[in-house]
Structure formats: structure tokens, C-alpha cells
Amino acid sequence: MAEPNTAEQIRQDFAPPQVPVEDAAREMEAFARGHHSEGRRVVLITSGGTKVPLESRTVRFLDNFSSGHRGAVSAEYFLQAGYAVIFLHRHRSMFPYSRRYAATNWLDVLQLHLPTDGSPRVEAEQSQLPGIVQILQDYKSMKQSGRLLPIEFSTLSDYLHLLLAAAQALSPLGSSAMFYLAAAVSDFYIPASEIPEHKIQSSSGPLQITMKMVPKMLSPLVKDWAPKAFVISFKLETDTEILIEKARKALATYRHQVVVANILDTRRAYVVVVTSTEETKLSVSQEEDHSGVEIEEKIIKDLTLRHTQFIEGTEVN
């Protein structure tokens with residue numbers, strides 16, 4: 001049985017999801033089964049932040065700063081490593097391949113041609129899209145391979161329902177399944193039975209909200225939902241003094257395989273891969289950064305090796 005009431009709490013205590021969870025569940029199950037039958041490993045990447053509505057007819061909500069950068073970049077490197085990827089991402093967060101142009105104003109990049117005879121034509125100014133030819137080739141090749149399944153969420157409720165469905169889809173794959181939990185999930189929520197229906201009125205004076213703690217998904221995921229899978233969580237802190245201690249505490253509490261620990265200010269250039277027996281420091285030098293090396297490339301190289309060891313039944317350092 002799952003950890004007491006966790007799955008049931010998701011179904012009963014949270015607002016109904018705003019996405020078609022049953023359709024997504026069928027897609028994920030078919031995707032995982034198909035690639036597993038071809039001998040391919042499957043990774044679920046969670047990416048971006050979760051929105052917590054403060055009203056049923058939502059005007060206000062609690063959010064976080066996550067752009068989904070790490071998840072989107074990591075998806076590309078997992079695809080390069082031969083994995084099939086379920087990309088569970090926040091609506092409008094960064095997406096693999098197109099993430100390089102997330103800050104691009106496409107109306108400035110596109111050129112409109114209006115010939116006197118024939119149909120209007122739109123072209124892109126390649127000089128404003130560095131590397132676009134290779135990136136477009138890589139994206140088209142990936143699309144043709146059918147190894148990327150994007151699934152969107154917006155609210156915390158969406159995310160929790162979809163994570164449960166993904167775990168059920170990947171559990172039959174055993175140790176060939178990987179969970180790469182990079183999403184920034186809210187720690188607090190308002191139960192569906194307590195959330196106000198209409199917009200909170202400022203005329204009522206200062207707002208006081210009591211929020212409950214979101215149940216930790218790692219414990220039932222590791223123990224019951226997908227007990228044979230290889231699971232990676234992330235620990236983001238602002239204080240270097242407590243980072244490794246917090247990572248080790250998470251490993252001891254949830255009994256999963258890896259915590260990728262990072263500090264907010266240096267998360268794009270330095271992480272520590274923490275396991276039950278080892279701390280592996282990964283970094284990108286200034287020279288590497290200038291040449292386009294990304295820390296996620298090193299993270300995925302490290303984790304795919306550990307996953308191989310995990311599958312083969314050897315000790316994961």
C-alpha cells in the first residue's frame with residue numbers, strides 16, 4: 001500500500017486538476033511501454049514551478065521564480081544519451097531546444113515579404129538566431145525519433161495528479177525508469193474545502209491566509225509508486241553551510257539514490273552530486289562557459305553512468 005493517504009489526499013484534498021490527467025496518463029503509459037519494449041531507458045523530467053491558487057475562480061496565486069531552465073537543458077542531454085523523455089513541465093516555461101531563444105522577440109526576427117504576384121512570405125533573420133540551423137536539425141531529428149513526450153501542468157494540483165500518473169506509467173519498467181525531479185514544487189497549499197470561491201476583496205482589509213504543508217511525494221514515490229526506479233531529487237539552498245547536510249538528510253529520509261545539491265547564486269556553474277557514500281563536485285569553468293559548456297551536460301553524464309550501475313545491480317557511489 002502507498003504511504004498512508006498520500007495518493008488519496010491528492011485526489012480528495014486538492015482542487016480538481018485543470019488538465020486532462022486521464023488522457024495524459026494513457027499517453028505516458030503507452031510511451032513508456034513502447035520505448036521499454038525497444039530496450040530504451042525512460043526518464044521523467046519535472047520542470048518549472050507550480051502555481052497555487054488563492055481562490056477557486058483564480059485571480060491571485062502563489063508562485064515562484066523557476067523558469068524551467070535546468071529541466072529543459074537536461075532534457076536535451078538525456079535525449080542525446082539515448083533516453084526517451086517524458087517532459088512534465090509548467091505551461092510556458094522553458095522548452096528543450098527553443099529554450100535558447102526564450103528571450104527573443106520573434107517579431108523582430110521575422111521578415112515579411114509581400115511580392116506583387118504570389119503569396120506573402122515570412123523568413124527568419126538567421127543572424128539573430130545563433131546556431132539555429134543545427135538546433136533545428138537536432139529538434140527535427142528528435143521529433144522524428146518519437147523520444148520526447150511533453151506534458152504540461154500549471155497548478156500544484158495538476159502537477160501532483162500528473163506525477164502520480166507518471167509513476168504508475170513508469171513503475172512497470174523497474175530499474176530502467178528514472179525520475180529527475182527538477183521542478184520547483186510549492187511547500188504550501190490551501191485545501192479545496194477551504195479555498196474561497198471568488199476574488200478576495202481588498203476592501204476587507206489586510207489578508208491573512210493559513211496554508212497547509214504539501215505532502216512530500218518522494219516517500220510514496222520511492223517506497224510504493226515506483227519502488228525499483230532510479231530517483232534523483234534536487235536541493236536548492238542559499239546557505240552553503242547547510243547544503244550538504246540538507247542533501248544527506250533527504251537521502252536518509254526518503255531512501256532514494258541521488259540528490260543534486262546547488263546554491264542559488266552558483267546553480268548554473270556548480271553542483272554537488274550527493275549519494276549515500278559520496279559527494280561529487282561538478283563545475284563549469286569560465287573558459288568552458290565561454291565555449292558553451294553547460295553544467296547539465298556534466299550532470300547527465302554523471303547520472304547516466306550511475307543509472308547503468310544501478311541497473312546492473314552494482315553499488316551506486
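Along the sequence shown, the residues carry numbers beginning at 1. These numbers were taken from a predicted model, which means no experiment stands behind them. These values consider heavy atoms only, across backbone and side chains, with no hydrogens, waters or symmetry-generated copies.
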Taking atom CD of Gln144 as the centre, does the number of heavy atoms from other residues, nucleotides or ligands within less than 6.0 Å exceed 12?
no
Is Lys298 atom NZ crowded by more than 12 heavy atoms from other residues, nucleotides or ligands, each under 6.0 Å away?
yes
Using atom types as modelled and distance alone, determine if a side-chain donor or acceptor of [X] lies under 3.5 Å from a backbone N or O of [Y].
X	Y	result
Asn262	Lys235	yes
Thr275	Val258	no
Ser74	Gly71	no
Ser171	Trp225	yes
Thr155	Asp158	yes
His89	Phe87	yes
Ser186	Phe188	yes
Arg90	Gly49	yes
His161	Ser157	yes
Thr46	Ala182	yes

Val133 side chain reached by Gln126 side chain, heavy atoms, under 4.5 Å
yes
Going only through I, L, V, M, F, W and Y residues with side-chain contacts under 4.5 Å, is there a path from Met178 to Val271?
yes
Mind checking whether Val85 and Tyr180 sit in one hydrophobic cluster, side chains of I, L, V, M, F, W, Y counted as touching below 4.5 Å?
yes
Which value, rounded to the nearest 0.5 Å, describes the distance between [X] atom [atom1] and [Y] atom [atom2]?
X	Y	atom1	atom2	value
Leu218	Arg255	CG	CZ	13.0 Å
Leu44	Leu181	CG	CG	7.0 Å
Ile263	Ile242	CD1	CD1	7.5 Å
Leu149	Ile45	CG	CD1	11.5 Å
Leu303	Phe310	CG	CZ	12.5 Å
Phe65	Leu264	CZ	CG	5.0 Å

Answer yes when [X] and [Y] have at least one side-chain N-carboxylate O distance shorter than 4.0 Å, and no when they do not.
X	Y	answer
Arg70	Glu297	no
Lys216	Asp187	yes
Arg11	Glu8	yes

Evaluate the salt bridge (charged side-chain N to carboxylate O under 4.0 Å, His left out) criterion for residues Arg92 and Glu152: first the C-alpha distance (whole Å), next the side-chain angles of each, then the deciding distance (0.1 Å), finally the verdict.
CA-CA 9 Å; Arg92 293 184 178 176; Glu152 286 191 349; over 6 Å; no
side-chain contact (heavy atoms from CB on, under 4.5 Å) assessment of Ile295 paired with Ile299:
CA-CA 6 Å; Ile295 190 67; Ile299 295 172; 4.2 Å; yes
Going through the distances and angles, do Val274 and Leu251 end up as a side-chain contact (heavy atoms from CB on, under 4.5 Å)?
CA-CA 9 Å; Val274 183; Leu251 286 172; 3.8 Å; yes
Between Arg33 and Glu29, is the salt bridge (charged side-chain N to carboxylate O under 4.0 Å, His left out) condition met? List the steps.
CA-CA 6 Å; Arg33 184 180 64 247; Glu29 192 278 331; 2.4 Å; yes
List the steps, then state whether salt bridge (charged side-chain N to carboxylate O under 4.0 Å, His left out) holds for Lys301 with Glu294.
CA-CA 12 Å; Lys301 183 178 180 180; Glu294 296 172 299; over 6 Å; no
List in chain and number order the residues that pass side-chain hydrogen bond (donor to acceptor under 3.5 Å, both in side chains) with Glu38, two or more places apart in sequence or in another chain; answer none if no residue qualifies.
Arg40
Verify the distance criterion only: is there a donor paired with an acceptor across the side chains of Arg306 and Thr280 at less than 3.5 Å?
yes
By side-chain contact (heavy atoms from CB on, under 4.5 Å) - contacts of Glu241 (at least two apart)
Asp239
Residue pair Arg41, Phe230: steps toward the side-chain contact (heavy atoms from CB on, under 4.5 Å) verdict:
CA-CA 11 Å; Arg41 302 177 191 178; Phe230 188 70; over 6 Å; no
Exactly one of Ile232, Ile86, Leu170 should register a side-chain contact (heavy atoms from CB on, under 4.5 Å) with Phe179. Which one does?
Leu170
Show me the donor-acceptor pairs within less than 3.5 Å that the side chains of residues 194-213 make with the rest of the protein, sequence neighbours left out.
residue	atom	partner	partner atom	Å
Glu197	OE2	Arg57	NE	3.3
Glu197	OE2	Arg57	NH2	3.0
Gln201	NE2	Lys199	O	3.2

